[in-house]
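Notes follow the structure.
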Amino acid sequence: MNILIIGGGGREHVITKLIAKNPKVTKIYALPGNGGISQLAECVKISAEDINSIVSFAKVHDIDFAVVAPDDPLALGAVDRLEDEGIKCFGPTQKAAMIESSKVFAKELMKKYGIPTARYEVFTEIDKALSHAALSDCPIVIKADGLAKGKGVTVAENFQQAKDAIISCMKDKIFDKSGERIIIEECLTGHEATVLAFTDGKTIVPMVSSMDHKRAYDGNRGPNTGGMGVIAPNPYYTPEIADYCMKNIFLPTVEAMNKEGRTFKGCLYFGLMLTKDGPKVIEYNCRFGDPEAEAVLPLMKSDLLDVMTAVSDERLADVDVSFTDGASCCVVCASSGYPGHVLTGYEIDLGESENLEGVEVFHAGTKLEDGKLITSGGRVLAVNAVSSDLESAKEKAYEAVKLINFSGMRYRTDIGSI
Ligand code: AMP
Ligand code: GLY
């Protein structure tokens, strides 16, 4: 089989690594890929958002199966366009991807089908949004409706912060069209949990739960990032909670999407808050999380490509999807300045990190230049260790991180400890 992977981060690296293990695979292409992926696949400089070029490439290279991993190409309809050409895909159609690409759509879906989530109001006029914020008890949460590179959410501690966020979205238009409509919602408290689930629209199979660490600095301080580290499983996600979520959140979501004529096939991401009134949905994503994928997928015992093709063929119920009883700890090594402006182009020394048992180093912002591995982005590496329990996974992950070096390298030292 000829496989096409769309994307070029740590998530796409772990996916490529697992797919490469399937004996049916003859060739893997990645658009655009990265330094790590290039050791397993042919990387071609086509942007993950350039849908016309992706479709032409897939046709010319006889692609049998494509994995569309990031949010932007899914929202732009990459799966629809590839499937129109007869190329099977893992990933939702544009209509189904709306569960992530419009937060207003997701909230209305949850309200209509009784799926637990935070109370909210939608605003298209700045004056009304500002008066609502002025009358609300803080903290409140301001969310841009559309995709905003993970930066569209503000948890406002006071009215001034809420006002700044509303003005940035609706007047200054820092997220362009994505911020023309906003949501103001109740701030939930509790432990956060992520559950990724395979679904073909008929069956839903949750993967091992996980916990992302979104803030930039230790102690959950500093600005939000794409994710600085993950542990899996999530220690707060008990079997009772899993059972509740299956009945009240996961199955109803799949059913709701079917009823709306937007059958979801792919990986559905549930961002949950485990509140004292039970789990509630904070957000849906229409894809694997990054770095959640780098911690969760290494725990998978079943063959990833077999599961992905079963999702695409709507026969997920017929395949085995199982995970080990072990635990993962994934630590992101970022460039200094991330999530703000970063300098790149520094040589990366991986030392002996990859020789440690259970450790895998997934590349996010790296590229190969004249045989040298060079930094090329904010999040550079996702270092994951799998072990029998969380404590030893943490120890191993940090042992590996200490063997890695590049100029300006920065990481959180408390992944899994808070
Ligand atoms: P996102 O950018 O959508 O991943 O959201 C970023 C973070 O904002 C989430 O991981 C939560 O920590 C926080 N958040 C979003 N919505 C709420 C809410 N209603 N209550 C509390 N925190 C929230
Ligand atoms: N790590 C969060 C996300 O992928 O959206």
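When a ligand or atom number is given, it counts from 1 through the structure's own listing order. For reference, positions follow the sequence shown, starting with 1. Only this structure's heavy atoms are used, side chains among them; waters, hydrogens and symmetry mates stay out. Not measured: the values here are computed from a predicted model.
In this structure, the side chain of Thr366 engages the main chain of Gly35 through a donor-acceptor pair within 3.5 Å. Side-chain atoms of Asn2 never come within 3.5 Å of backbone atoms of Asp64 as a donor-acceptor pair (strictly under, hydrogens ignored). When atom types are taken as modelled, the side chain of Asp349 and the backbone of Gly351 share a donor-acceptor pair closer than 3.5 angstrom. Judged by distance alone, the side chain of Asp145 and the main-chain N or O of Arg181 form no donor-acceptor pair under 3.5 Å.
Between the CG atom of Leu390 and the OG atom of Ser417 there is a distance of 8.0 Å, given to the nearest 0.5 Å.
Electrostatic pairing of Lys128 and Glu121 does not count as a salt bridge here, judged by no charged N lying under 4.0 Å from a carboxylate O. Ion pairing between Arg315 and Asp313 holds under the 4.0 Å rule for side-chain N and carboxylate O.
With a 4.0 Å heavy-atom cut-off, ligand 1 is reached by the side chain of Met273 but not by its N, CA, C or O.
Where the criterion is an N or O separation shorter than 3.5 Å, residue side chain and backbone included, Asn224 fails it with respect to ligand 1. Geometrically, ligand 2 and Glu292 share a nitrogen or oxygen pair separated by less than 3.5 Å. Taking any N or O of Asp290, backbone or side chain, at least one lies under 3.5 Å from an N or O belonging to ligand 2. Geometrically, ligand 1 and Leu188 share a nitrogen or oxygen pair separated by less than 3.5 Å.
Protein heavy atom at the shortest distance from atom 17 (C) of ligand 1 is Ile282 CG2, 3.6 Å. The protein heavy-atom contact nearest to atom 19 (N) of ligand 1 is Glu185 OE2, 2.7 Å. For atom 11 (C) of ligand 1, the closest non-hydrogen atom of the protein is Glu192 OE2, 3.2 Å. Considering only non-hydrogen protein atoms, atom 13 (C) of ligand 1 sits nearest to Val155 CG2, 4.0 Å. Looking only at protein heavy atoms, the nearest one to atom 5 (O) of ligand 1 is Val153 CG2, 3.7 Å. At the top of the distance list for atom 3 (O) of ligand 1, counting protein heavy atoms only, stands Glu283 OE1, 2.9 Å.
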Legend entry - Derivation and outcome, side-chain contact (heavy atoms from CB on, under 4.5 Å), residues Tyr120 and Met110: CA-CA 11 Å; Tyr120 72 101; Met110 289 187 270; over 6 Å; no
Inset, instruction - List the steps, then state whether salt bridge (charged side-chain N to carboxylate O under 4.0 Å, His left out) holds for Lys396 with Glu399. - result: CA-CA 5 Å; Lys396 272 193 191 173; Glu399 196 185 329; over 6 Å; no
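Close contacts of ligand 2 with Asp212, meaning ligand atoms under 4.0 Å from a residue heavy atom, involve 1 (N), 2 (C). Ligand 2 places these atoms under 4.0 Å from at least one heavy atom of Asn285: 5 (O). Shown in contact with Tyr269 at under 4.0 Å from a heavy atom are these atoms of ligand 2, numbered in order with element: 2 (C). Close approach of ligand 1 to Cys187 (heavy-atom distance below 4.0 Å) involves ligand atoms 20 (N), 21 (C). Shown in contact with Lys214 at under 4.0 Å from a heavy atom are these atoms of ligand 1, numbered in order with element: 4 (O), 10 (O). Ligand-side atoms of ligand 1 in range of Gly150: 2 (O), range being under 4.0 angstrom from any heavy atom. Below 4.0 Å from some heavy atom of Gly289 lie the following atoms of ligand 2, by number and element: 4 (O). Taking a cut-off of under 4.0 Å to the non-hydrogen atoms of Glu186, the atoms of ligand 1 that pass are 18 (C), 19 (N), 20 (N). Of all the atoms in ligand 1, the ones that sit under 4.0 Å from a non-hydrogen atom of Lys143 are 15 (C), 16 (N).
Counted by atom type alone, Asp306 and Asn22 present one or more donor-acceptor pairs between their side chains at under 3.5 Å. Side-chain atoms of Ser322 and Asp320 include a donor-acceptor pair closer than 3.5 Å. Inspection of the Lys88 and Thr309 side chains reveals no N or O donor paired with an N or O acceptor under 3.5 Å.
Using a 4.0 Å heavy-atom cutoff, Phe288 is absent from the residues neighbouring ligand 2. Ligand 1 has Lys103 within reach: a non-hydrogen atom of the residue lies less than 4.0 Å from it. Residue-ligand proximity: Gly271 is placed with every non-hydrogen atom at 4.0 Å or more from ligand 1. Between Gly227 and ligand 2 there is no heavy-atom distance shorter than 4.0 Å. For the ligand labelled ligand 2, residue Gly226 lies inside the 4.0 Å heavy-atom shell. Residue Arg287 places a heavy atom less than 4.0 Å from ligand 2.
Aromatic ring orientation, Tyr411 versus Tyr398: tilted (interplanar angle from 30° to 60°). Using cut-offs of 30° and 60° for the angle between ring planes, the Tyr284 and Phe270 rings count as perpendicular.
For the salt bridge (Lys or Arg N to Asp or Glu O under 4.0 Å) test with Glu185, the passing option among Arg119, Lys107, Lys280 is Lys107; the others fail.
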